[in-house]
Amino acid sequence: MTTLTQQEDVILRVENIHKSYGNVEVLKGVSFSVRKGETKVFIGPSGTGKSTLLRCINQLTIPDKGQIWLHGEEVTHSKKNINFFRQKMGMVFQNFYLFDHLTALRNVEIALIKVKGMKKDAARDKAMEELSRVGMDSFAQHYPSQLSGGQAQRVSIARALAMDPDVMLFDEPTSALDPELIGEVLEVMKDLARGGMTMLVVTHEPMKSCLWRRGQFWKAGVRKNY
Ligand code: ADP
Ligand code: MG
């Protein structure tokens, strides 16, 4: 039975999301909710719609049908600027998407200045704080080409965290990494989960699921099982 408290705790609600590309129905009525401080992991093979689902959640892709709610506010069909919601949903991609011509520090602070309108000094302090949180403060002046994949992914996590998101969306955060670099990224994610961050993680690999102390572990292909 769902209690009122549980409902109030829900940060992200996804309801009956459908998305097709041509004749291929990728998402067939996906529904779930994520409560504050919960980590939900979706596992499914390549091509099952995991990225499409995350893209629908932050409206990089517009679903054909269904609704997304963040803190009880509808994201889909919202009159509010979609950038408002995107700031509240930190996205971490498989391939990091850092700016190659900017240092780690600049990569983290740039959205704080350009999107949040923070003053340079405050943005720098905040960016350093987030780099410390992922253990990358000593690499602040390094360019992405001077970082390992694991380090680059940690910087991209810091960049998402800097926006003070309500929920973090991870799209296969370790699948582009050499095996020996996966652990450092999982450690950062585990710390975030322990610290009460709300997280949605999609992956095609089990990701040492025992890491997830809290929340539900969903062993299901996204496409088939909703
Ligand atoms: P996953 O992330 O689980 O590997 P995706 O969400 O990337 O899966 O893709 C699910 C299916 O949708 C795949 O068959 C893919 O080819 C198709 N697809 C994804 N994005 C597009 C697009 N922009 N145009 C056409 N087909 C797409
Ligand atoms: Mg994908």
Side-chain angles (χ1 to χ4, degrees), residues 12-34 38-70 75-77 82-83 85-86 88-99 144 148-150 152-157 159-161 165 167-179 181-186 188-190 192-193 197-209 211-212 215-226:
L12 179 71
R13 192 149 63 87
V14 171
E15 221 168 82
N16 197 28
I17 291 294
H18 288 256
K19 181 70 190 175
S20 297
Y21 290 109
N23 296 331
V24 183
E25 195 178 14
V26 180
L27 301 176
K28 303 178 179 182
V30 178
S31 301
F32 63 91
S33 55
V34 186
E38 185 179 31
T39 294
K40 229 163 223 186
V41 183
F42 292 177
I43 300 185
S46 257
T48 46
K50 302 181 301 297
S51 296
T52 304
L53 174 62
L54 292 189
R55 292 173 64 86
C56 283
I57 290 173
N58 71 7
Q59 300 283 286
L60 286 170
T61 293
I62 305 300
D64 300 329
K65 196 176 151 193
Q67 280 104 34
I68 314 285
W69 306 76
L70 187 70
V75 177
T76 33
H77 320 297
I82 185 57
N83 286 331
F85 288 112
R86 290 208 183 116
K88 296 279 160 207
M89 299 190 266
M91 183 97 170
V92 174
F93 301 93
Q94 184 177 342
N95 294 315
F96 334 132
Y97 294 122
L98 295 175
F99 291 117
S148 71
Q153 190 59 297
R154 283 149 67 196
V155 171
S156 91
I157 293 172
R159 174 182 57 185
L161 290 173
V167 56
M168 289 282 286
L169 309 177
F170 290 90
D171 190 353
E172 307 223 31
T174 59
S175 60
L177 302 178
D178 292 336
L181 302 178
I182 290 175
E184 67 190 71
V185 172
L186 288 180
V188 165
M189 293 170 68
K190 196 165 73 169
L192 289 178
M197 178 59 73
T198 311
M199 319 211 304
L200 184 53
V201 185
V202 303
T203 176
H204 70 271
E205 60 195 352
M207 279 184 82
K208 298 180 186 149
S209 57
L211 287 176
W212 310 105
Q216 216 172 330
F217 184 73
W218 289 33
K219 201 168 184 174
V222 170
R223 177 152 128 202
K224 280 190 196 136
N225 294 287
Y226 290 102

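In this text, all values refer to a predicted model and were calculated from it rather than measured experimentally. Residues take their numbers from the sequence shown, with the count starting at 1. Just follow the structure's listing: the first ligand is 1, and inside any ligand the first atom is 1.
Judged by the shortest distance from any of its heavy atoms, G44 lies outside the 4.0 Å radius around the atoms of ligand 1.
Polar contact with ligand 1: present for T48 (N/O pair, distance under 3.5 Å). The shortest N or O to N or O distance between G49 and ligand 1 is below 3.5 Å.
Within the coordination shell of the Mg ion (ligand 2), defined by N, O or S atoms under 2.8 Å, S51 is present.
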L12 vs I68, side chain to side chain contact (heavy atoms under 4.5 Å, CB included): CA-CA, chis, key distance, verdict: CA-CA 7 Å; L12 179 71; I68 314 285; 4.0 Å; yes
Working for side chain to side chain contact (heavy atoms under 4.5 Å, CB included), residues Q59 and T76: CA-CA 7 Å; Q59 300 283 286; T76 33; 3.4 Å; yes
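Less than 4.0 angstrom separates some heavy atom of S46 from each of these atoms of ligand 1: 4 (O).
With a heavy-atom cut-off of 4.0 Å, V26 touches ligand 1 through its side chain alone.
No donor-acceptor pair under 3.5 Å is formed between the side chain of K40 and the backbone N or O of V202.
Checked against F170 for a side-chain contact (heavy atoms from CB on, under 4.5 Å), the options V41, T203, V201 give a single hit: V201.
For the pair K19 and Y21, the cation-pi test (distance below 6.0 Å, angle within 45°) is passed.
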